[in-house]
Enquirer: 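If you scroll down you'll find the structure; I have some questions about it.
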There are 2 protein chains.
Amino acid sequence: MKKAGSCIDCFNPGCFIKYCSSKWIKEIETHKTEVSYKKGQAVFAAGEFVNGLFFIKDGQVKVVSSGLNDKEQIVRLATSGHILGHRGSNGETYPISAVAMKDSVVCFVKNETISEAFLKNPEFTVKLMLFYSKELRGIEARIKYLSQMTVREKVAFALLYLKTIFGYQAQGTTNKGQLLNVQISRTDIAGICGTNEEQVIRNLSDFEQEKLIAKEGKKIRIVNESTLYGILKVYNLQL
Amino acid sequence: MKKAGSCIDCFNPGCFIKYCSSKWIKEIETHKTEVSYKKGQAVFAAGEFVNGLFFIKDGQVKVVSSGLNDKEQIVRLATSGHILGHRGSNGETYPISAVAMKDSVVCFVKNETISEAFLKNPEFTVKLMLFYSKELRGIEARIKYLSQMTVREKVAFALLYLKTIFGYQAQGTTNKGQLLNVQISRTDIAGICGTNEEQVIRNLSDFEQEKLIAKEGKKIRIVNESTLYGILKVYNLQL
DNA sequence: AGAAGGACATGATAAAGGTCATGTTAAAAT
DNA sequence: ATTTTAACATGACCTTTATCATGTCCTTCT
């Protein structure tokens with residue numbers, strides 16, 4: 001943990017702190033802490049006290065909810081510019097955990113600072129509210145797929161969800177499709193789908209045979225995105 | 001649709017509009033419309049344009065997402081004080097529908113009014129942000145149950161979810177438990193669970209035989225709430 | 001009153017998906 | 001360099017759950 005650098009010339013264009021007044025950006029700057037997490041490390045764990053809000057400066061984080069016999073469900077994926085945690089009342093604890101999927105840098109602003117910032121920076125608060133509202137809509141869409149889709153459809157959905165959040169790798173584009181900008185295990189994909197590792201493996205193998213995807217080192221190449229969408233068209237999704 | 005009454009002496013204690021300045025409460029009062037919906041009527045339907053925000057004054061509403069072959073998934077249940085819809089940018093449409101579960105009264109405030117109110121009433125905006133943030137946490141919990149629980153567990157969860165949102169009927173309490181303050185069909189419960197009518201019926205019958213619930217007219221009596229919770233305890237939920 | 005439709009109920013059957021067993025490969029640790 | 005562990009992969013099997021069929025009861029419409 002180190003004292004953070006300037007928020008004003010922060011390279012992350014998606015950070016919400018930018019919407020504060022310059023006076024308040026300075027204020028937050030001096031009160032925030034900036035922490036680096038190694039891949040696999042927890043930003044926060046279920047049961048810990050909610051002491052403030054996390055802003056992802058640079059990284060990839062999975063928000064997981066561990067249920068029955070260690071089977072973990074990935075509730076949300078987050079990347080640079082996204083928020084983790086929530087403003088909590090005193091004594092409140094996290095119902096879920098947030099774990100870095102790769103080395104990540106996260107800024108932390110404690111409750112008192114953030115609460116005051118909300119009241120003094122309406123535009124900032126509105127942006128944050130819209131962020132939550134948008135997340136809510138996204139998760140509502142995922143509810144549908146978890147409850148109605150077949151495993152095959154869920155796996156297709158998971159791939160497209162990964163693309164929506166993390167996008168494609170800039171240097172990964174060839175005439176044979178685009179490379180997902182994330183390194184994720186079959187077990188974690190299963191965690192997104194609400195199924196198990198074996199089913200994911202089976203279905204990814206199917207997709208490969210059908211030339212919809214290709215496996216490239218530790219990453220997945222989306223060869224035929226539109227057909228992948230086609231698998232889900234009956235649900236008329238909006239990712 | 002009629003011009004609405006005063007917000008100041010509105011009987012609904014949970015309405016967020018209260019957190020605006022008195023000047024703005026008046027402003028909203030004059031710009032809002034108040035609409036009554038019959039049971040089964042849509043407050044808004046998927047595909048319609050997002051023109052503003054809905055505040056439930058008095059009623060019970062299900063937010064549904066219709067997927068494959070008319071099988072509808074209930075994404076969220078809402079009651080007096082809750083919000084429906086979201087602030088949308090121009091041209092945006094609803095991905096889901098909201099349907100009255102009983103005769104309900106809903107206040108509508110259009111986009112321009114609400115956007116300005118946000119910027120001028122920090123406390124109002126913060127409350128709304130916290131509402132969304134709380135909803136987000138709630139739905140994250142439901143994601144887990146939809147993806148990991150057995151049908152039996154899902155049905156138990158649905159009953160407790162109904163209790164959380166709508167509560168018990170004041171006059172329904174006897175020494176044999178408490179009456180859920182909602183009238184809901186097996187099909188709709190199936191929509192909460194992500195299963196079908198038959199499974200719900202079977203499991204409710206099981207619960208009845210096990211003396212966990214009792215059927216009373218068109219409503220359900222929770223006879224043994226703690227055992228019902230017990231069915232879910234491995235998930236250590238926080239409803 | 002009688003017909004019709006909707007909600008509730010239960011059994012039989014089939015398909016989907018979870019679990020277990022086993023094996024291979026690749027990376028990491030000693 | 002060798003052992004160990006993690007990730008990937010596939011087949012077989014069995015449980016769970018969805019679907020289909022049928023029937024009853026109750027409410028609502030004509």
Side-chain angles (χ1 to χ4, degrees), chain A residues 38-40 62 67-73 99 101-102 145-159 180 182-210 213-221 231 234, chain B residues 38-40 62 67-73 99 101-102 145-159 180 182-210 213-221 231 234:
Chain A
K38 287 275 165 199
K39 179 175 179 169
K62 57 179 175 181
L68 196 48
N69 41 279
D70 311 326
K71 196 172 170 181
E72 71 175 26
Q73 172 68 27
V99 177
M101 294 174 72
K102 69 169 194 183
Y145 97 90
L146 273 173
S147 65
Q148 299 195 1
M149 290 183 185
T150 65
V151 170
R152 177 181 164 88
E153 291 166 334
K154 287 179 190 174
V155 175
F157 185 100
L159 292 175
L180 280 179
V182 62
Q183 197 175 307
I184 186 171
S185 70
R186 311 295 194 239
T187 310
D188 269 1
I189 296 179
I192 300 176
C193 296
T195 181
N196 53 41
E197 195 190 3
E198 294 95 322
Q199 303 287 357
V200 171
I201 289 170
R202 277 184 242 280
N203 281 283
L204 286 183
S205 297
D206 288 350
F207 288 162
E208 193 170 24
Q209 285 194 340
E210 298 166 35
I213 66 166
K215 292 160 197 165
E216 201 161 316
K218 294 210 154 288
K219 291 190 174 172
I220 293 172
R221 174 174 294 280
I231 293 177
V234 284
Chain B
K38 286 276 165 200
K39 179 175 179 170
K62 58 179 176 180
L68 197 49
N69 41 283
D70 312 324
K71 197 172 169 181
E72 70 175 27
Q73 173 66 28
V99 177
M101 294 174 71
K102 69 169 193 183
Y145 99 90
L146 273 173
S147 65
Q148 299 194 1
M149 290 182 183
T150 64
V151 170
R152 177 180 163 87
E153 291 167 335
K154 287 179 191 175
V155 175
F157 186 100
L159 292 175
L180 281 179
V182 62
Q183 197 176 307
I184 185 171
S185 70
R186 312 296 194 236
T187 309
D188 269 359
I189 296 179
I192 301 176
C193 295
T195 181
N196 53 39
E197 194 190 5
E198 293 94 322
Q199 301 289 356
V200 171
I201 289 170
R202 277 183 241 281
N203 281 284
L204 286 183
S205 297
D206 289 351
F207 288 161
E208 192 169 27
Q209 285 196 339
E210 297 166 37
I213 66 167
K215 291 160 197 165
E216 201 163 315
K218 293 210 155 291
K219 290 189 175 173
I220 294 172
R221 174 174 295 279
I231 293 178
V234 285

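Please read all numbers here as calculations on a predicted model, not as lab measurements. Convention: sequence-line order gives letters A, B, ...; per-chain numbering from 1.
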Enquirer: Figure out the CG/P separation between A:Asn196 and D:dA9, and round it to whole Å.
Expert: 15 Å

Enquirer: Under 4.0 Å from OP1 or OP2 of C:dA26: is there any side-chain N or O of A:Lys218 that close?
Expert: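 Result: no.
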
Enquirer: Please state whether the phosphate of C:dA7, meaning OP1 or OP2, lies under 4.0 angstrom from any side-chain nitrogen or oxygen of B:Thr187.
Expert: no

Enquirer: Can you find a donor-acceptor N/O pair under 3.5 angstrom joining the side chain of B:Arg202 to the base of D:dT19?
Expert: yes

Enquirer: Choosing from D:dA18, D:dA7, C:dT19, which nucleotide comes nearest the side chain of B:Gln199?
Expert: D:dA18

Enquirer: Without decimals, in angstroms, what is the distance between A:Ile184 CD1 and D:dA6 C1'?
Expert: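 Going from A:Ile184 (CD1) to D:dA6 (C1'), I get 16 Å.
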
Enquirer: Is there, by distance only and without an angle test, a donor paired with an acceptor across the side chain of B:Glu198 and the base of C:dA9 below 3.5 Å?
Expert: no

Enquirer: From the options D:dT17, C:dG17, C:dG18, select the nucleotide whose nearest atom is closest to the side chain of A:Thr150.
Expert: C:dG17

Enquirer: Quick check: do B:Ile220 and B:Phe207 have side-chain heavy atoms less than 4.5 Å from each other?
Expert: no

Enquirer: Side-chain contact, heavy-atom cut-off 4.5 Å: A:Lys102 with A:Gln183?
Expert: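 Sidechains of A:Gln183 and A:Lys102: no contact.
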
Enquirer: Whole angstrom is fine here: how far is it from CD in A:Gln148 over to C1' in D:dT17?
Expert: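 For the pair A:Gln148 CD and D:dT17 C1', the rounded distance is 15 Å.
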
Enquirer: Are the side chain of A:Glu208 and the backbone of A:Ile213 linked by a donor-acceptor contact shorter than 3.5 Å?
Expert: no

Enquirer: Checking contacts here: which listed nucleotide (C:dC8, D:dT17, D:dT19) is nearest the side-chain heavy atoms of B:Ser185?
Expert: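 The nucleotide sitting nearest to the side chain is C:dC8.
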
Enquirer: For A:Ser185 and A:Met101: C-alpha separation, side-chain torsions, deciding distance, then whether side chain to side chain contact (heavy atoms under 4.5 Å, CB included) applies.
Expert: CA-CA 10 Å; A:Ser185 70; A:Met101 294 174 72; over 6 Å; no

Enquirer: Check every atom of D:dT10, C:dG18, D:dA7 against the side chain of A:Glu197 and return the nucleotide holding the closest atom.
Expert: D:dA7

Enquirer: Would one find a side-chain N or O of B:Lys154 under 4.0 angstrom from OP1 or OP2 of D:dT17?
Expert: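 No.
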
Enquirer: When you measure from the side-chain N and O atoms of B:Arg186 to the phosphate of C:dA7, is any distance below 4.0 Å, counting only OP1 and OP2?
Expert: no

Enquirer: Is there a side-chain polar atom (N or O) of A:Thr195 under 4.0 Å from OP1 or OP2 of C:dG17?
Expert: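 Answer is no, no contact under 4.0 Å.
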
